[in-house]
Amino acid sequence: MSSELLVNDARDLAMRSADLAQDLTTLAGNISLQAAQGGDTHGTFLMMGITIFVLACFVGYYVVWRVTPALHSPLMGITNAISSVVIVGAIIAAAPEEGYWFSTLLGFLAVILASVNIFGGFLITRRMLSMFKRKEAKK
Amino acid sequence: MALDPLSSLLYLVSGVCFIMALRGLSGPETARTGVLYGMGGMAIAIATTFALKSVDGVFLPIVGIMVGGSVGAIIAKKVEMTALPQLMAAFHSLVGLAAVFISLAAFYNPLAYGIGARGTIALNSLIEMGLGAAIGAITFTGSVVAFGKLQGLISGKPMTFAGQHLLNAALGGALLLLLLALCATEWDIVFFAIIAVALVLGITLIVPIGGADMPVIVSMLNSYSGWAAAGIGFTLQNPLLIIVGALVGASGAILSYIMCKGMNRSFLSVLLGGFGGDAATAAAAVGGDKPVKVGSADDAAFILKNASSVIIIPGYGMAVAQAQHALREMADVLKHEGVQVRYAIHPVAGRMPGHMNVLLAEANVPYDEVLELEDINRDFAQTDVAFVIGANDITNPAAKTDPKSPIYGMPILDVEKAKTVLFVKRSLGTGYAGVDNPLFFNDNTMMLLGDAKKMAEDIIKALE
């Protein structure tokens, strides 16, 4: 008699734990889905990002048209250096809270590449600009 | 990844610094401060990133920055100014490759960027990643090819083959399909396929483009590296990267436009490539059997000494011969004799925007003696001597008179209006466009055949 009760209890327990496991998996699924969609934040960021992008294009347009043609080479040097601001993304990849070795490696390589550009770009621009002299400045 | 307010603010400050950096380039004096703004902006951006909550362990990135930074610093110190165009191409390739790596890293570790988990990355993030990687890959191989052409590792001649446009279109179509496939499946094999196809596309896009179209291509790749950065900015949800990407993208696009206008060609026709290859036979015999006047360094020295005003027109040949220093010495001797010497720069002279200005600045030519096409073109009629050194197509009057010429409509420097034209050139061959220059056969033109640097040195000797 008591053994039968025990068996029933055990079955009950097993079923409940199965239910619990099921709940857990759905919950995990939901969480990952939500994480994937980034909740609402990603959708709003996309619109904000596009806004920033378009406005920055206009700023770039007007600023660059004012650059004197004589300085077009330094302009390329400096834009090359600042486009290496992607190093921000590289650093995040190279030093994540939870790492995955392949991503970390790629991030590390990207940090190196971007740094070559940052230092090389700014220094070569400075070197170019240091050569531009006025007539009076000579001798 | 939502940024905390302080980081957002600092990134914004950094973005403003970059805008100020570009703004400074409106004049040589303010430009030096501009570079400092740029450096400051970059330092703020990097420091802010190190302080982010999602960044843990700064050791690896700092090692990377030190390694990359010292390599970059050494390159910037050592490189010859004449090698600037290929250096820029090489730098662009690095940005492109870095963009590919970062997209891949985000694909494999989306948690670090807060854009979902592996296998369930948000749809728009997938599109941004795919696009960022593709643009980065095209920039990478395209810049490598451009570097090879500028450095002379591969022929600067346009390489065309049958079905080339078809191939590019097919590759572009494949890229789009793969991008759709990536969104649908999120398989890493598809991601790698996107990168592979984009790498090939970068090569096939640039290979058919000739050496002297490189100013456009270098600017275009500059622009691409910006768009790639913006793409990554969207993936990372980082406003700074979007701002900078847009700035650089716009800058490169404007430079490309200016270069195209300087050649009176549409951007599309440059991209389709093949210019200068078959044109050579079409317009070969403009001069017929008219005599060409060839002079010596002594003749040139005599003419220059007796002139009261001289305009020097440098071109890519001057860069190749490294003649800028000898040229400046020659100008100094002339100035000493009381001759007014100025320089005229065509927008597409050389192999990158502003190439000639930098070379002349390197040779200590004061920048207020160096004038742009629209500022000086009217003065040729009142000038005694136009001294063309290593330039050809940009002085070719056929661009104004011969509608059949491939360079018809291109704005040129009106050197033929000067009383005498001295034309330093290695041979009587055609320029890059493969077009005969009727200027050679004019009565007031004297050809000075020889290496640009040696000729300038010989003229100095004859002047003294």
Side-chain angles (χ1 to χ4, degrees), chain A residues 32 35-38 42 45-46 49 52-53 56-57 60-61 63-64 66-67 69-73 75-76 78-80 82-83 85-86 88-91 93-97 100 102-103 106-117 119-120 122-126 128-129 131-132 134-135, chain B residues 18 22-23 25-26 28 31-32 35 39 45 49 55-57 60-61 64-65 67-69 71-73 75-76 88 91 94-95 98 101-102 104-105 108-109 112 116-117 120 122 225-226 229 232 234 236-237 239 242-244 246-248 250-251 254 353-354 357-358 361-362 366-368 372:
Chain A
S32 71
Q37 289 157 350
H42 201 112
F45 182 82
L46 186 65
I52 294 171
F53 179 74
C57 278
Y61 179 85
V63 171
V64 172
R66 295 192 60 157
V67 173
L71 293 181
H72 276 162
S73 286
L75 172 67
M76 295 204 90
I78 213 164
T79 50
N80 177 70
I82 67 173
S83 67
V85 76
V86 291
V88 167
I91 292 173
E97 273 177 310
Y100 171 63
F102 189 51
S103 287
L106 287 170
F108 179 62
L109 292 177
V111 168
I112 295 180
L113 294 177
S115 312
V116 173
N117 252 324
F119 282 73
F122 279 128
L123 292 178
I124 195 78
T125 310
R126 252 180 41 153
M128 277 190 250
L129 289 172
M131 299 183 312
F132 280 84
R134 245 178 214 293
K135 207 179 276 176
Chain B
F18 290 144
L22 295 188
R23 178 72 185 78
L25 288 171
S26 54
R32 284 179 257 266
V35 179
M39 290 173 165
T49 310
V55 171
D56 201 21
L60 211 52
I65 290 174
V67 172
V71 172
I75 294 174
M88 285 303 146
F91 278 166
L94 297 183
V95 182
F101 284 169
I102 296 166
L104 253 182
Y108 275 104
N109 192 3
T120 53
S225 66
I232 289 181
F234 277 103
L236 268 56
Q237 307 194 8
I242 298 176
I243 294 174
V244 172
L247 287 179
V248 175
S251 159
I254 290 175
N357 302 80
V358 172
E362 187 200 7
Y367 62 79
D368 26 15
E372 303 298 320

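So you know, we letter chains A, B, ... as the sequences are listed, proteins then strands, and number each from 1. For the numbers below, each heavy atom of this structure counts, side chains included, while hydrogens, waters and symmetry mates do not.
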When Ala229(B), Ser225(B), Pro353(B), Pro61(B) are compared by non-hydrogen pairs under 4.5 Å with chain A, the top option
Pro353(B)
Under a 4.5 Å cutoff for heavy-atom pairs, which residue among Ala31(B), Gly69(B), Ala98(B) has the most contacts with chain A?
Gly69(B)
Rounded to the nearest 0.5 Å, how far does [atom2] of [Y] lie from [atom1] of [X]?
X: Phe102(A); Y: Asn109(B); atom1: CZ; atom2: CG; answer: 12.0 Å
X: Met128(A); Y: Glu362(B); atom1: CE; atom2: CD; answer: 11.0 Å
X: Leu104(B); Y: Leu109(A); atom1: CG; atom2: CG; answer: 11.0 Å
X: Phe234(B); Y: Ile52(A); atom1: CZ; atom2: CD1; answer: 8.0 Å
X: Ile78(A); Y: Leu247(B); atom1: CD1; atom2: CG; answer: 11.0 Å
X: Ile254(B); Y: His72(A); atom1: CD1; atom2: NE2; answer: 8.5 Å

Any side-chain to backbone donor/acceptor pair from [X] onto [Y]? Under 3.5 Å, distance only.
X: Arg32(B); Y: Leu129(A); value: yes
X: Ser73(A); Y: Gly354(B); value: yes
X: Ser26(B); Y: Val67(A); value: no

Hey, which of [options] has the most heavy atom pairs under 4.5 Å with chain B?
options: Ala110(A), Ala94(A), Ala114(A); value: Ala110(A)
options: Val86(A), Leu123(A), Val88(A), Thr125(A); value: Val88(A)
options: Val116(A), Ile91(A), Val64(A); value: Val116(A)

What part of Val244(B) is in contact with chain A, defined as an atom under 4.5 angstrom from a non-hydrogen atom: side chain, backbone, both or neither?
side chain
What's the shortest heavy-atom distance between [X] and [Y], and which atoms?
X: Ser103(A); Y: Tyr108(B); answer: OG-CB, 3.2 Å
X: Ala105(B); Y: Gly107(A); answer: CB-N, 4.5 Å
X: Val95(B); Y: Ser83(A); answer: CG2-OG, 3.7 Å
X: Ile124(A); Y: Ala76(B); answer: CD1-O, 3.5 Å
X: Leu60(B); Y: Phe108(A); answer: O-CE1, 3.3 Å

Minimum side-chain heavy-atom gap Leu71(A)-Pro28(B) below 4.5 Å
yes
Within the structure provided, determine whether Leu75(A) and Leu22(B) are in side-chain contact (heavy-atom separation under 4.5 Å).
yes
Working note: Phe119(A) + Ile65(B), criterion side-chain contact (heavy atoms from CB on, under 4.5 Å); need CA distance, chi angles, decisive distance, verdict.
CA-CA 9 Å; Phe119(A) 282 73; Ile65(B) 290 174; 4.1 Å; yes
Would Leu106(A) and Ile102(B) count as a side-chain contact (heavy atoms from CB on, under 4.5 Å) if you check the C-alpha gap in whole Å, the side-chain angles of each, and the deciding distance to 0.1 Å?
CA-CA 7 Å; Leu106(A) 287 170; Ile102(B) 296 166; over 6 Å; no
